[in-house]
Amino acid sequence: MSIINVLAANIPYLVATILVFRRSLKGYFPRVSLVTSTRVKEVLNIGITLLILQLVFMIISSTNELLISHLTNPADVVQYQAYNKIFNTVSSLFTLALTPIWSAVTKAAGEKRYSWIKKLNRILLFASAVVFLAEIVLVPFLQGIIDLWLGKKLYHSCPNGCAFVCSVQCSLFHT
């Protein structure tokens, strides 16, 4: 099953690459002779930096449940996940809204429109603050949302302090 998954994910990219470089980008086919050590160092430097950031984020976001289970009891992990899911949904929607901006920033950087990038950065910082405040405002209404979503009998009330910590954590690491 894992082999099928790997093939299904990569074969379309391989086919698309071959078709694009044989048709519309025929003269731009990648060649090993055009690779220079300075460009390789630049790409690897950026790639390794991004890899380290992804690993750190993975460690931060995946150790919460382990720490909760170790410091309290495993039953609290389920409750944490339910409350955290709400905050992660808000953060995920914000991140999803930012996806098209990456291409625009890359294009603007290529065109050396740095003033536009700085303006966009200020707007996005303001939007991040608004999302953070929205998550803080969500805290008093969490129990009602959980009761509506999962039923009143399933979860006992979460202290607002715990919900606030979830909110801050999601805002800092996801927006």
Side-chain angles (χ1 to χ4, degrees), residues 1-71 77 80-81 83-136 164-175:
M1 188 66 173
S2 62
I3 293 172
I4 292 171
N5 190 20
V6 168
L7 292 175
N10 291 305
I11 287 178
Y13 291 124
L14 182 63
V15 171
T17 300
I18 291 170
L19 290 176
V20 166
F21 281 114
R22 287 194 178 228
R23 293 186 182 155
S24 59
L25 296 176
K26 194 170 188 170
Y28 299 99
F29 194 79
R31 291 179 181 79
V32 177
S33 62
L34 298 176
V35 176
T36 62
S37 62
T38 57
R39 293 290 182 201
V40 169
K41 287 179 186 176
E42 289 175 9
V43 170
L44 286 179
N45 190 19
I46 292 170
I48 289 172
T49 302
L50 292 174
L51 174 67
I52 291 169
L53 287 173
Q54 287 285 54
L55 289 173
V56 167
F57 177 74
M58 182 184 70
I59 290 168
I60 289 171
S61 61
S62 65
T63 55
N64 295 335
E65 289 82 359
L66 180 69
L67 290 173
I68 291 169
S69 178
H70 181 70
L71 296 174
V77 171
Y80 164 79
Q81 288 176 335
Y83 286 97
N84 196 40
K85 182 84 62 188
I86 294 171
F87 292 113
N88 275 333
T89 301
V90 173
S91 298
S92 295
L93 291 173
F94 183 72
T95 303
L96 185 63
L98 293 178
T99 302
I101 292 175
W102 290 106
S103 299
V105 169
T106 303
K107 183 180 177 189
E111 296 170 353
K112 297 186 183 347
R113 294 188 297 142
Y114 300 116
S115 61
W116 181 82
I117 294 172
K118 286 181 182 180
K119 179 182 175 187
L120 180 66
N121 187 39
R122 285 191 299 273
I123 292 169
L124 292 177
L125 285 173
F126 177 75
S128 294
V130 169
V131 169
F132 174 72
L133 290 175
E135 288 184 346
I136 298 299
F164 179 76
V165 169
C166 282
S167 171
V168 170
Q169 181 226 359
C170 285
S171 291
L172 290 177
F173 296 119
H174 296 284
T175 56

Q: Decide yes or no on side chain to side chain contact (heavy atoms under 4.5 Å, CB included) for Phe57 and Leu53, but give the supporting numbers first.
A: CA-CA 6 Å; Phe57 177 74; Leu53 287 173; over 6 Å; no
Q: Test side chain to side chain contact (heavy atoms under 4.5 Å, CB included) on Leu125 and Arg122 and set out the steps.
A: CA-CA 5 Å; Leu125 285 173; Arg122 285 191 299 273; 5.6 Å; no
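Atom CG in Leu124 sits 11.5 Å away from atom CD1 in Ile117 (nearest 0.5 Å). Taken to the nearest 0.5 Å, the CD1 atom of Ile68 stands 9.5 Å off from the OG1 atom of Thr63. Atoms NZ and CD1, from Lys41 and Ile46 in turn, are 14.5 Å apart once rounded to the nearest 0.5 Å. Distance check: Ile60 CD1 to Leu55 CG gives 11.0 Å after rounding to the nearest 0.5 Å. The distance from the CG atom of Leu120 to the CG atom of Leu98 is 9.0 Å, given to the nearest 0.5 Å. Taking CD1 of Ile18 as the reference point, atom OH of Tyr13 lies at 15.0 Å (rounded to 0.5 Å).
Between Phe21 and Tyr28, the shortest heavy-atom distance links the atoms CE2-O, 3.4 Å. Taking every heavy atom of both residues into account, Glu65 and Tyr80 meet most closely at OE2-CE2, 3.8 Å. Shortest non-hydrogen contact noted between Tyr114 and Ala109 is OH-O, 3.8 Å.
Judged by distance alone, the side chain of Ser69 and the main-chain N or O of Leu66 form no donor-acceptor pair under 3.5 Å. With hydrogens and angles disregarded, a donor-acceptor distance shorter than 3.5 Å links the side chain of Asn10 to the backbone of Val6.
Within a 6.0 Å radius of CD in Gln54, no more than 12 heavy atoms belonging to other residues, nucleotides or ligands are found. Counting heavy-atom neighbours within 6.0 Å of Leu50 CG, excluding the residue itself, gives a total above 12.
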